[in-house]
Each structure stands twice: as C-alpha cells, then as structure tokens.
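The analysis underlying the following values was restricted to heavy atoms, covering all of them including side chains, and did not include hydrogens, waters or symmetry mates.
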Amino acid sequence: MTENINNLLSIEVAGIRFSNPVTTASGTCGYGLDLKELIDLNKLGGIFTKGLSARPMRGNAPWRIVETHGGMLNAIGLQNIGARTFVDEKLPELKKYTTQIIPNVFGYTIDEYIEAIEILEAGSGIAAYELNISCPNVKAGGESFANNPRQAAAVTEAVKKASSRPVIVKLSPNVTDIAEVARAVEAAGADALSVINTAVGMSIDIHTRRPRLANVTGGLSGPAIKPIAVRCVFQTRRAVSIPIIGIGGIATAEDALEFIIAGASVIQVGTANFYDPSASMKIIDGLADYCRKHSLENISALVGTVQL
Amino acid sequence: MTENINNLLSIEVAGIRFSNPVTTASGTCGYGLDLKELIDLNKLGGIFTKGLSARPMRGNAPWRIVETHGGMLNAIGLQNIGARTFVDEKLPELKKYTTQIIPNVFGYTIDEYIEAIEILEAGSGIAAYELNISCPNVKAGGESFANNPRQAAAVTEAVKKASSRPVIVKLSPNVTDIAEVARAVEAAGADALSVINTAVGMSIDIHTRRPRLANVTGGLSGPAIKPIAVRCVFQTRRAVSIPIIGIGGIATAEDALEFIIAGASVIQVGTANFYDPSASMKIIDGLADYCRKHSLENISALVGTVQL
Amino acid sequence: MIDTIATVERNDLTHSASTRSYGRLRLRLQQNIPVLPGQFAMLKPRAVIEPLLRRAMAFYQCHRRDDGLSVEFIYQILGRGTQALARLERGDEVEFLGALGNTYDKAAAMGSEALLVAGGAGSPALFMLAEELLQMKIPVRLFIGGASRHDLCGLDDFTALLGAGNVITATVDGTHGEKGFVTAPLERHLQENVGKPLLIFSCGPDPMLHRVSLIAADYKVPAQLSLEAPMACGFGICVGCAVAVKADVAEGFIYKKVCTDGPVFRSEHLHW
Amino acid sequence: MIDTIATVERNDLTHSASTRSYGRLRLRLQQNIPVLPGQFAMLKPRAVIEPLLRRAMAFYQCHRRDDGLSVEFIYQILGRGTQALARLERGDEVEFLGALGNTYDKAAAMGSEALLVAGGAGSPALFMLAEELLQMKIPVRLFIGGASRHDLCGLDDFTALLGAGNVITATVDGTHGEKGFVTAPLERHLQENVGKPLLIFSCGPDPMLHRVSLIAADYKVPAQLSLEAPMACGFGICVGCAVAVKADVAEGFIYKKVCTDGPVFRSEHLHW
Ligand SMILES: Cc1cc2nc3c(=O)[nH]c(=O)nc-3n(C[C@H](O)[C@H](O)[C@H](O)COP(=O)(O)OP(=O)(O)OC[C@H]3O[C@@H](n4cnc5c(N)ncnc54)[C@H](O)[C@@H]3O)c2cc1C
Ligand SMILES: Cc1cc2nc3c(=O)[nH]c(=O)nc-3n(C[C@H](O)[C@H](O)[C@H](O)COP(=O)(O)OP(=O)(O)OC[C@H]3O[C@@H](n4cnc5c(N)ncnc54)[C@H](O)[C@@H]3O)c2cc1C
Ligand SMILES: Cc1cc2nc3c(=O)[nH]c(=O)nc-3n(C[C@H](O)[C@H](O)[C@H](O)COP(=O)(O)O)c2cc1C
Ligand SMILES: Cc1cc2nc3c(=O)[nH]c(=O)nc-3n(C[C@H](O)[C@H](O)[C@H](O)COP(=O)(O)O)c2cc1C
Ligand code: FES
Ligand code: FES
C-alpha cells in the first residue's frame, strides 16, 4: 500500500526526491520532532523547519497570535534556537527519519543569511535550504527583501554561492507583481520557489483600542488566504520554469490538488497542523485516491494542468 | 431615538455630511434601490453605487462568483447600465431618499473616466464620486491604475478638474506599498480615500481542472480579508491627512469599530449585504450603543484612536 | 420578499452510503407570504458562521395555516451549505429570505398538455406548478429522471398527485423506469404527439435543460426552463447569477440575472 | 498525548441573561489516557468549520471506567469557540487533543498547608489538584472568587470535597462571601499564619495571578501559577503562547511556551 502510494506520489523537485508532495510549512511544525507523537514522520514528504538565524532569537512579546475568520494572524518574531543548536541538538535525531529535512533560513542582512547557511553546511542530512525573504513580522527597519526584486535576487545569489545544497526562495504575496520577483529570483539562481508566505494583516481590540498583537501587525495564514495563494502559484507558474512549492490555507486533499493543478509540484501544510495535526497524513491518502480515481500513474502528471 | 442616533453618529467627510458612518459598498447594493424592500434607506449613511462607466457594459461570462472560506471571489466584469441610464432612470427615485448617493465610477482610460464624470455632472442629488481605480477583475491589457502611484495620481488629477463634486479614490490592497499610492493620490487632490477594494484570488475546480471563474481570477471579499483591510486603513491613516472610508469584511458593529479605531471616518458594508441584508442597520444600532456605553458625544471622537 | 427567522418543523434525511443523500426540510414562518411555483428562498442555519452565503432552495410545497405558513424544501446533500442544512433539528432557527424570483407562465399552457421534465434536485421546483396546473384543469404529464431511483425527488408525492399513469421515470442505472436519460421518453412522447398542443416546463441540471431546449426546438414545442446559477444574494444586488439571453445587440446576447429575471426563462430566449 | 474523537456524554448550561453563562461538558474517550492536575485538552466540535482553532480547556474531573475515560470541563461562554461548545448535545463528536501541558509540583506541599486560589473560569484547573493533595493528607484551603456567585465555578463540588470550613469565597458584587477580590481574604490568611509552612496554587485571570504573585512574594510564600495564553496548537509547534520567564541573559528574560513548559509556572520564575 505505502509502496503503491510512493509510486503514485513520489516526485522530484530541484534534485530532491520527495516520497510524496506533502510537507509541513516552516513555523508550523517546530523543528519537526514535535509532531512525531501525532503523525508518522516517515510518511511525510518533507519538513520545513521553523525559521533559523545565525544566532538564537528571543521573539516578540505576547500576544503573538490572534484568530481571525478563516485564519489567524501571527507575529512570533522568528523566535528560534539558532542554526548551531539546530545542527547540534535537533538534526541528529531528525535525520533518523526518511523524510526530507529543509531548514528555513532568514537574516536581516545578506551576511546574516550567509552566516546561518555556513553553520548549516556543517550539518548532514539536510536536503536543501528554504530562504524566508518575506516574513512580514520582522521589523527590519525597512522593506523586506521580498518586496524588492533586486534585493530578493541579491540575497538569492549570495546564498547560492555559499551553499552546496539546492536553494528554495520563499515569496511574499504582499507585492504588486509577484511574477516580477519570481523572475528576478530565478535569474539569480534559485532552484525552486515557495509560494506564499503570510499576508500582512492587523487586528484591534475594540475595548482596549490596542492592536491585539504586541507587534501591531502580523502575518495572515489559513484557509482565508487560500484563493490569494492559488492565484500567486498560478501567476508564478507562468512566469518561471523552476519548480514551485505551494503554500497557503491547505487543509485537505482537495486544497492540495487545487495548488498542484495551479502549478505546484510540492505543497506545504501550515496552519492546518495546529487545528488538525493529522491533516498532512489525510492529504497524502487523499492525493493517492485521486491518482487512482483518475488513473494517473504519478501525481507529477497533474502539476500545472489547469485548463484555461 | 433616531434623533439621538444622529447626534451620536453624524459625521462629515470631504464636506459631505453623513447621518452616520455606515454605507453600502459599490457592487454590493446594486444602484441602491434593490435594498429598499429589506432596509430603511433613509437610515443608511450613504450608498456607493455599482461601478458606472460612460457606456453600459455587458460584464463577464458565468461563473462570476465562487464562495471561499470566509469570503467569496467575484468577477462580475463591471456589468452596469451606464452613467446616462443611471442619471435618467435611477437617480430620480434614489434622490428622494435622505441618504447620500455616491456613484462609483471607472474607465479603461482617463478619457473614459472623464466621459462618465461629465455625464454624472448633469445629474442632481449626487454627493460625491468614488473612483474605482483598483478593480482587479478588469482585463485592461495592463496593470490597473491603482498599482502605479503615477497612474493613480494622473486619473485623480484629471477627474478633479472635470468634477464639481468631492472625489473619493478607492485603493487596492494588491500593492507593495499602499501608503505610497495613498500619498500620490492625496497630492493629486483626492478629497478622501476608500480602503480597500478586493484582493486578487483564484479558485480551481479539481474535477474539471478549470478555474471556477470564467474570468480565471477574481476579487476576494468578505470577513477573510478583514485583517488585511484593517492593516491597510491603519497604514493609510498614517500616510495621509485626508479622511478614509474603511471597507473589507465588515459584517458587525465590532468589525466597523475596528476600522474606525484604525482610522476610518466612514465604513462600507459589502459582501455582508448578500448573506445578511440588514447588517448595515444592525451596525448603525451597534455603533450608537458603543458610543453610549463609552459615553462618546460623537463617533468622530473614536476615529484613529488606536493605541500603540 | 421578507428576511426573517424561520423555525424547523422537521428535517428528514434519506442517508445512504452508496447513493446520494437528500434532506426534506419543513420550515415554519410567522408571516403568511405569497409563494408562487418556481420561486425560491435563500436559506442558512442561524447558528452557522461558515459557509457565509445562504443557499437557494426552490419551494417544494406550501401549507397555509391561520397563524402562518409551513414551507417545504428538498435538498441534495452536496457541500458545506447543504451539509449544514442536514444538521438542522426540530426547533432550530433558519435565516430565511423569500419568496424570490419569477414564476412559470401557466396561462400559456391553457388548451395544451403540460409536460413537466424534472432532473435530480430539480423536481421540487415543479411540484406546486403541477398542483396549480391541475387546478386549472390542464392535463399534466411528468417525466422525471435521475442517476438512480433514490434521485427521483418527490416521486411519491408526484405520483399521488398526478396518478401513476401520468408519471414517466427514467434512471441512468435502470433502478426505476426506463434505463437512461429522461429526455429519451420525452422525445418519444413529442414524436407520438406531433401536431397536438404541448408545453414543456423543466427544471434540472444544466446539461439536461440544454438537451430539453434542443428537443423542444426540434418539435417546435414551447418550453419554460427553471435555471440554476451560483448565487451570493438571491435578490438582485450581486449580479453574480448571470445567464446569457438573446438580445438585439452586436454580440447577439446580454446577461440577465437568474435570481430576479428568472429563475424561469423561455427556452427560445436563452443564448446557450 | 492523543488526537482523537470524543463523544459528548452531557453538556449542561447555566444560562442567564444578566450574568455570565457557563457550560459543564462531559466527554467520553475510548482510550484510558493518563491525566494530571493542571493539564488541559484542545477541544472543537467535529461539525464546526468556523472557528478553526480548538480551544484549550483545563481538565476539571476524570472518571476512570473499565472501557475508557470520562473527562469533565467547565467553560465560560465567551466568544465563537465556547459558543460552539455550548451547542454540543449528547452523542455529538468532539475533536480532542490531550492531555497537554505540565502539572503542579504537589510534593513541594508536603508538610505545608496548601492554599488554592481560584478566579472565575480558573477554578476547574484546581479541582483534581485538591483531590490528590487530600489523598496525600495535605491540608487544603480554597480561596475562590468571581464577579458574582454565578462565577464561582464548581463551588459545590469543592465544598463537598473540602468541607465548607475550608472554602473561602469572595465576589465583586458581594452576592457570595466577602465583597471584593479573593486576594483580600488570602492576604489576611497569610498575615495570620506568618511563619507557618504554606504553599499557594493558583489559577485565574492574569490580573489576579499577578496580584497573587506579589502577595506571595511579600509573605515569602512559594506559589505555583497556572497561566493562560492565546493558543493555536496547544502542543508546542506554533510558539504563539509565549510567557516571559526570568533568565540569565542580557534582557533578563526569555520566552517559554505556556502549552508545553507550562501551564504551571513557579511565581518567582515569571518575569511580569
Ligand atoms: C434558483 C435555485 C434553486 C435551487 N433549488 C434547489 C433545490 O430545490 N434543491 C437542491 O438541492 N438544490 C437547489 N439549488 C442548488 C443549491 O442552491 C446549491 O447550489 C447546492 O445545494 C450546492 O450547495 P452546497 O452548499 O451543497 O455545495 P457547495 O459547497 O456550495 O458546492 C459543492 C459543489 O457543487 C458546486 N455547485 C455549487 N453551486 C452550484 C450550482 N448552482 N450549480 C452547479 N454546481 C454548483 C460547487 O462548485 C461545488 O463543486 C438551487 C439553486 C438555485 C440557483
Ligand atoms: C491552558 C488553558 C486552559 C484553559 N482552561 C479553561 C477552562 O477550563 N475554562 C474556560 O472557560 N476557559 C479556559 N481557557 C480559555 C479558553 O481556552 C478560551 O481562550 C476562552 O474560552 C475564549 O475562547 P472563546 O472562543 O470563547 O472566545 P474567543 O472568540 O476566542 O475570544 C473572545 C474574547 O476573549 C479574548 N480571549 C481569547 N482567548 C483569550 C485568552 N487566552 N486570554 C484572554 N483573553 C482571551 C479574545 O481576545 C476575545 O476578545 C483556558 C486557556 C488555556 C490557555
Ligand atoms: C505561527 C506561524 C509561524 C510561521 N513562521 C514562519 C517562519 O519562521 N518562516 C517562514 O518562512 N514562514 C513562516 N510562517 C509562514 C508559513 O510557513 C506559511 O507560509 C503560511 O502560514 C501560509 O500557509 P498556511 O496558510 O498553510 O499556514 C509561519 C506561519 C505561522 C502561522
Ligand atoms: C460582487 C461584488 C461586486 C463588486 N463591484 C465593485 C465595483 O463595481 N466597483 C468597486 O469599486 N468595487 C466593487 N466591489 C468591491 C467592494 O466594493 C468592496 O471594496 C470589497 O468587496 C471589500 O468589501 P467587503 O469585504 O465588505 O465585500 C465589488 C465586490 C463584490 C463582492
Ligand atoms: S444572486 Fe445576486 S444578483 Fe442574482
Ligand atoms: S500553543 Fe502553540 S506552541 Fe503553545
């Protein structure tokens, strides 16, 4: 059965062989291990870790999350244990699993990205890196790399030089023209794109008249943003030729199929892990059922097949 | 009682005196009259009509709408009866009501905007114009005016010259920096800003593998986009000094208050009119209750009072 | 048209793992509003936050009472909206907007035999029409089809009303009546009655309605079709429910609203 | 920790227009999982699409059965999540994730009098603790407060367990016990028992917990506080439930997770 599922769902992206297209999104599965009691990590296609920086980060003051209709706002502030501790303490156990491990990496300057990558290069059992150039929670004292094609290309190029592994660049929906950013990043050497990160949002407590998030604004995620994410995947698919990893409100196999048909080769489950920890497992089974029902030999035959 | 409500809620924006800050959003109340069987139009602060062009438009092929989690996508294609027919057939009955009538106007070229405005100038009983420079449904063969500060300013300036009435410019959330567009439009002479129009989204039927909307992409509206809209109002409030009209997922008085505290002087109820036609009436009563509870002499004291 | 809160009198489900499931919902209204055949209401359980939009449901039957009105609907349990309807229990509250839309032109059937053509969840929209046509002494024959016998909504009520002899059934799986589409027996009937005055009233899935319109045209029989479209509001303000209708313009058609200009349209007016 | 579907055995509501409303929910689990005092579960009615996130609820009582486990919760009906819980009926299914979080350090109470300080919907988190402290022969005194007598959650059960003499109540409106905050009688008790070995266990709204921590510090009495925080996951993966805890770093504190490092923290460790 699992054998069978692998034949149907196994897919290669940027030289990485995923047993299936279902992975967990950065920041929604910790460092991967926190989910091991609830799901079979070996059944998962891959794990994108919580964002890692060269040095540990404390994160934002509470409140960090607010639920909204169909989603949630978060302003965690990229709290993380740092790349070094990840390599020393988490990676050894993580790599015992057959799933693909992809650290999500960020920095406030290109040098900080390089620093983090260099630390991670020392670790083994890492399939690739995902660059968070778009996390809207970070008060970087300026626009994020993701909002400016030139900056996005610059960080991509620098990281590619420093990395022996494939580099996946994660795009932001908070831009006028995501296709332009995608093309710039592809030209800079990105091996794949993750689409999308959260949309910038805000919530105010009408009784205290204060923002519900200590950080004032936060990132909107969950089913509410799915139509925006599907549109971004569709637009990006038509703009570049490198593979796309689809993200945004995916909670069911139907959701995942929508992204794959729109142009995603792999998908990430994010917010759904919080309210339905086994969502990723159900999605894997659902994708296999769809392949059988439509007698597809492999899910890759479905990627980007949207009919206009 | 109504007397009392007016004292609490009456507010002036761009020289227009609204009996209360609650209005209905363009495209979600037809030409205003369709709601008269269900709500008291005289109790409404104002009505923003379906988008009007110089000449009638047929609109997009079906399907034009798709429900999503917490919202809906629409690609109506701006079907409308044309400015002339509006003035001749709708305005005479509309202006019998005490509510403020604000036609929403659009075009594919600056000249088309001017044409429509000139036709409307002939009509009486119009309080102001709202320019839809951001409707994401229109295949204008290029980026919409709203996505480019220079273009947004150009159409604003041209319409101001042609108009004897206040001009409200409606901004799009589909931009990297909404504050930049807001400043450009203010500099061009806009009397107020409407924030926000819909976010561009897409939905695919996984069985037919076709986009659910004949237009492929459409505009996302409803509670799902509320956090994005509140953020846009907050950012715009800090960027300009002209008044802001808040829009995006407002369905309850609590929602409306969130926008007012974020910086909106007036709010528009859109998608909620579809699934709760009396939402605007409930919101008016809810705002009055809030003013009494917090002993505010007038709602205007609440505008932009968010505490950071 | 009123926007009110109705109370559930009963909600009977015909669940089945293998076949499609249906629910029959009876609501109690305080107001005794007029309801015409072919009209519909927008419904949503009051406690439900999601999905947001109400669902359009054709009136199946109306029972007038001194102190109000009982209205019945038959719904196919498909997605989130009808799944929410399926969870309703006696006493629950339902947001009700209605009665919406136009009605059939019954007068046009005077002196003809009325042929009602129903497909799947479309048959409820024809029951009150059948009742009123009979009251007008107009002979009524029902052609009702579905995937299987479980999908012949309201078959028992129709049979009781019209008599078994006037109810022709067809199912794709052959579990009831003739095997295949209901348009087959319809076409045979038209062949056998060429020249006789006939009028078609039909409601069902788009492909069936299209087929009916083609057959009606072939045999020069007028047809009134009750259409469906995705609806956000149901009363004319969203312009989402467009249907192409022939018009004397360059393109040859304009878009009308299924909710207010319809749901009933004359077959010959539609631009397929 | 298990993620399973529990069945509603009963859900009793104490509704009232004037005061706050509460629900008492009993769920049946097939698995006989361990549950420690202070631990919580993440709950959501299975049929509910919106709100998305499960709600954290402290275990109030556990009843072991040969073929499973019955667990009880008391919830204040506040927003959309608890309103959805309030609609649950016997036999309905509930998404259940638990048992989550750490527990109180009961051993630390050996040889001391245990002072339980409960506020509003915080009291349920202290009931199983009271039971186990008594089993350990540790004297237990409960200080329970709320806005009105309706807000003294589980008062009857606590009184039956501890005896009326060991239950001190305080209400803001004076409808039960002393008028005012429960921290007043607590402080008097500490004054009257200076020098005696005491240990505080407390759960309630943040302002109350802060006040308790200050009083505890003044009288040099150790305190264990069960905290709340907005939670998306409840099991450590979202890092949304941060609480500042003193640490030997430049800023003097780091953020810990209420869901996995807590919900119980030692008062002296918290960085208010
Ligand atoms: C005037 C009118 C009268 C109607 N009367 C009845 C009735 O008497 N009984 C009944 O069961 N239904 C009736 N419907 C259909 C009903 O309103 C819903 O559209 C249908 O029940 C699907 O809703 P859902 O929530 O179950 O599914 P959704 O979750 O809304 O959708 C489930 C699937 O069905 C598709 N779908 C949704 N709406 C339509 C549509 N209008 N046409 C084709 N596909 C669609 C969606 O794309 C999706 O794939 C009527 C519709 C109209 C416009
Ligand atoms: C470990 C833990 C144990 C808990 N145990 C219980 C319990 O036994 N009984 C009980 O009734 N509740 C308990 N809660 C609180 C519960 O989880 C919900 O947060 C609360 O019921 C509000 O949910 P809601 O859906 O009713 O309101 P929502 O719709 O989520 O929110 C309603 C209002 O309450 C505010 N709010 C939401 N969550 C919190 C919070 N954590 N702190 C302060 N304000 C908040 C929101 O900002 C909003 O203004 C516990 C929470 C935690 C973290
Ligand atoms: C609580 C939380 C924390 C997140 N942290 C990160 C992060 O550290 N790095 C990153 O690139 N994306 C982060 N994201 C974004 C997600 O990876 C994902 O792109 C986004 O949530 C949209 O997917 P979803 O709707 O399925 O959650 C975070 C999202 C959430 C909800
Ligand atoms: C069906 C539909 C049609 C719309 N038509 C217009 C329009 O013609 N002109 C315009 O400026 N905005 C139009 N809008 C956008 C709304 O005015 C509003 O900005 C948007 O829907 C967000 O508000 P809401 O979430 O309350 O609906 C339309 C929205 C919907 C849902
Ligand atoms: S459904 Fe809204 S106009 Fe027809
Ligand atoms: S609630 Fe998610 S980490 Fe604590």
Greater than 12 external heavy atoms within 6.0 Å of [X]'s [atom1]:
X        : atom1 : result
A:Arg84  : CZ    : no
D:Asp248 : CG    : no
D:Arg64  : CZ    : yes

Show me the donor-acceptor pairs, under 3.5 Å and distance only, between side chains in residues 34-42 of chain D and residues at least two apart or in other chains.
{"from": "D:Gln39", "atom 1": "OE1", "to": "D:Leu36", "atom 2": "N", "distance (Å)": "2.7"}
{"from": "D:Gln39", "atom 1": "NE2", "to": "D:Gly101", "atom 2": "O", "distance (Å)": "2.8"}

### Message
For D:Ala232, which atoms come within 4.5 Å of any heavy atom of chain A: side chain, backbone, both, or neither?
### Response
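Interface part for D:Ala232: both.
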
### Task
Below 4.5 Å from any heavy atom of chain A, which atoms of D:Ile49 appear? Answer side chain, backbone, both or neither.
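Contact with chain A involves no heavy atom of D:Ile49 at all.
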
### Task
Under 4.5 Å heavy-atom distance to chain D, tell me which part of A:Ser278 shows up: side chain, backbone, both or neither.
both

### Contact class of A:Ala61 relative to chain D, heavy atoms under 4.5 angstrom
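A:Ala61 touches chain D through backbone and side-chain heavy atoms alike.
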
With no hydrogens and no angle check, just 3.5 Å: does a side-chain donor-acceptor pair link [X] and [Y]?
X        : Y        : result
D:Thr175 : D:Arg149 : no
A:Thr271 : A:Ser221 : yes
A:Ser172 : A:Asn197 : no

### Query
Can the positive tip of A:Arg64 be found less than 6.0 Å from the middle of the six-membered ring of D:Tyr255, inside 45° of the ring normal?
yes

### Message
So if I take each residue of residues 86-99 of chain A and look for any heavy atom under 4.5 Å from a heavy atom in chain D, which residues do I end up with?
### Response
none

### Task
For the pair D:Phe59 and D:Phe73, name the ring-plane relationship: parallel under 30°, tilted 30 to 60°, perpendicular over 60°.
tilted

#### Entry: Residue among A:Gln79, A:Met72, A:His69 with most heavy-atom pairs under 4.5 Å to chain D
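Answer, by heavy-atom pair count under 4.5 Å with chain D: A:His69.
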
### Query
Under a 4.5 Å heavy-atom cutoff, which of D:Cys238, D:Ala229, D:Gly236 has the most pairs with chain A?
D:Cys238

